> 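One structure is given below, represented as structure tokens, and several questions about it will come after.
Please read all numbers here as calculations on a predicted model, not as lab measurements.
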Amino acid sequence: MNISHRSSALMLLSTLTLALNGLVTQLLTPMLPIILLLFLRLLLPGCLMLATARARFWHYVSFSALKNVMLRAVFITLCQGFFILALYKLTLIEAVVLFSTGPLFIPLLESVVYKREIDLFVVPTLLLMMIGLIIQSLTDQGITLRWELLIGLAAGFFNACSQLCLFQISKEKTPVLVANGFCFLIAALFSTLFFILPLFVGGLNAEFAAGSWVVDNAWLMLGLLVLLAVFSSATQYFRSSAYKLVATGSELAPLIYTSVVFSYLLQLTILDSSVNGQQLLGISFIVIACLMQTKRNRS
């Protein structure tokens, strides 16, 4: 298998495990409060990746990669926090689509971080995305602002921030499992701040305490948590390995949206939940906007 095919195969495996990760997370949402689920979603994969690295080899994070590791840990905490909150409010396919809008924000972030000139092509793609959001907000009474869509969009923005850091980390000598393991472990520590946040912001208490300890089968919850750790670790490993094989992240960006297809199939088959025509039209506008931007990036 040549490098091009190998990198594509690794990226497809990462999008499949990402979709499975989203499915498992949504199955856990009725069982656990948001804050605890966020903490476990970060802690368990971090421990698993570092334990695997310890068994196979051991290598500390290089000093040159430490800044990006710390920065990515912050972005992962915010990204996963908004994503989990979106899963409490939206269907799996809606949350994954909004989570995957990262490439739309990457040109804007690169202009700030790397002082690159903004390509005006980003304007029509952002407009298409906004049209998709508006379509999903339409009701019989007109346009009703759905805050959950903005929450999902925030997950996409911080996902873009995380991806920029991940691409930089993948070019360092630090092994994939070690770098990502430390990212998730540090992110888990950062996420503990959310445990005390509702004490200072009363309005957040109801949202952050959403979900409860409703467990009919403790073994089922334990099994789902194990799968959560495995799928999260696999996603990070496959994606980092894919990035190591290419010159720029935009070469693999179009394959990111296969996670939308996988998520839609999982929603239909396992969750037994369909998407209505209005939702599908809004989602289509957002996906088209993302594909246009990634094609532009590649050219």
Side-chain angles (χ1 to χ4, degrees), residues 1-25 41-42 44-57 59 61-62 65 68-69 72-73 75-76 79-80 83 96-97 99-103 106 156 159-184 187 226-266 287 290-291 293-295 297-299:
M1 183 182 294
N2 60 40
I3 292 179
S4 176
H5 290 163
R6 186 181 175 190
S7 61
S8 296
L10 288 168
M11 181 56 79
L12 286 173
L13 286 171
S14 78
T15 58
L16 174 59
T17 52
L18 176 63
L20 290 168
N21 197 352
L23 171 67
V24 172
T25 302
R41 182 179 166 88
L42 296 171
L44 296 178
C47 291
L48 179 60
M49 284 186 277
L50 289 178
T52 304
R54 185 70 180 89
R56 295 176 54 194
F57 52 81
H59 193 295
V61 176
S62 64
N68 282 319
V69 167
R72 186 171 183 242
F75 292 140
I76 285 177
C79 167
Q80 295 298 326
F83 180 59
V96 170
V97 167
F99 181 79
S100 302
T101 55
I106 286 178
N159 182 34
C161 297
S162 173
Q163 292 302 311
L164 279 181
C165 294
L166 175 60
F167 184 75
Q168 295 299 322
I169 294 171
S170 68
K171 298 305 177 183
E172 300 286 346
K173 295 181 180 180
T174 305
V176 170
L177 288 174
V178 175
N180 283 303
F182 275 111
C183 278
F184 271 71
V226 171
L227 289 176
L228 184 69
V230 172
F231 290 146
S232 295
S233 302
T235 299
Q236 299 304 314
Y237 177 78
F238 290 138
R239 186 156 300 187
S240 297
S241 298
Y243 280 151
K244 281 184 176 292
L245 300 176
V246 296
T248 62
S250 60
E251 292 182 40
L252 297 172
L255 293 176
I256 291 174
Y257 301 103
T258 56
S259 63
V260 175
V261 178
F262 292 137
S263 297
Y264 183 63
L265 293 175
L266 290 171
V287 172
C290 294
L291 289 174
Q293 186 62 55
T294 52
K295 184 177 181 181
N297 291 342
R298 294 184 77 183
S299 61

> Where is the tightest heavy-atom contact between S100 and S259, given as atom of each residue plus distance?
OG-OG, 3.6 Å

> Got a sec, which residues hit side-chain contact (heavy atoms from CB on, under 4.5 Å) with L16, two or more places apart in sequence or on another chain?
L20, F262

> Could you report the tightest heavy-atom contact between A187 and L42, atom names first, then the distance?
O-CD1, 3.6 Å

> To the nearest 0.5 Å, what is the distance between CG (N159) and CG (L166)?
9.5 Å

> Identify the two heavy atoms, one from A242 and one from S7, that lie closest to each other, and give their separation to 0.1 Å.
CB-O, 3.6 Å

> Test of understanding: with ring pair (Phe, Tyr, Trp, His ring centres under 6.0 Å), list the residues that count as partners of F184, not counting sequence neighbours.
none

> Can you sort out the partners of R41 under side chain to side chain donor-acceptor pair (under 3.5 Å), two or more places apart, ordered by chain and number?
N21, T25, Q80

> Can you tell me if F231 has over 12 outside heavy atoms packed within less than 6.0 Å of its CZ?
yes

> Does any part of the side chain of F75, heavy atoms only, come nearer than 4.5 Å to the side chain of L164, both counted from C-beta?
no

> Return the set of residues passing side chain to side chain donor-acceptor pair (under 3.5 Å) with T235 (not counting sequence neighbours), or none when no residue passes.
T17

> Check for a donor-acceptor pair, side chain of T15 on one end and backbone N or O of L12 on the other, with a separation under 3.5 Å.
yes

> Checking S233 now: which residues fulfil side chain to side chain donor-acceptor pair (under 3.5 Å) with it, not counting sequence neighbours?
none

> Could you work out, with side-chain contact (heavy atoms from CB on, under 4.5 Å) as the rule, every residue matching V230, not counting sequence neighbours?
L48, V226

> Do you know the tightest heavy-atom contact between L177 and L50?
O-CD2, 4.4 Å

> Between the side chain of S263 and the main-chain N/O of V260, is any donor-acceptor distance below 3.5 Å?
no

> Taking the side chain as C-beta and beyond, is there a heavy-atom pair between R239 and N180 under 4.5 Å?
no

> Can you tell me how far the CD atom of Q163 sits from the CZ atom of R72, to the nearest 0.5 Å?
6.5 Å

> CD1 of I169 to SG of C183: how many Å apart, nearest 0.5 Å?
4.0 Å

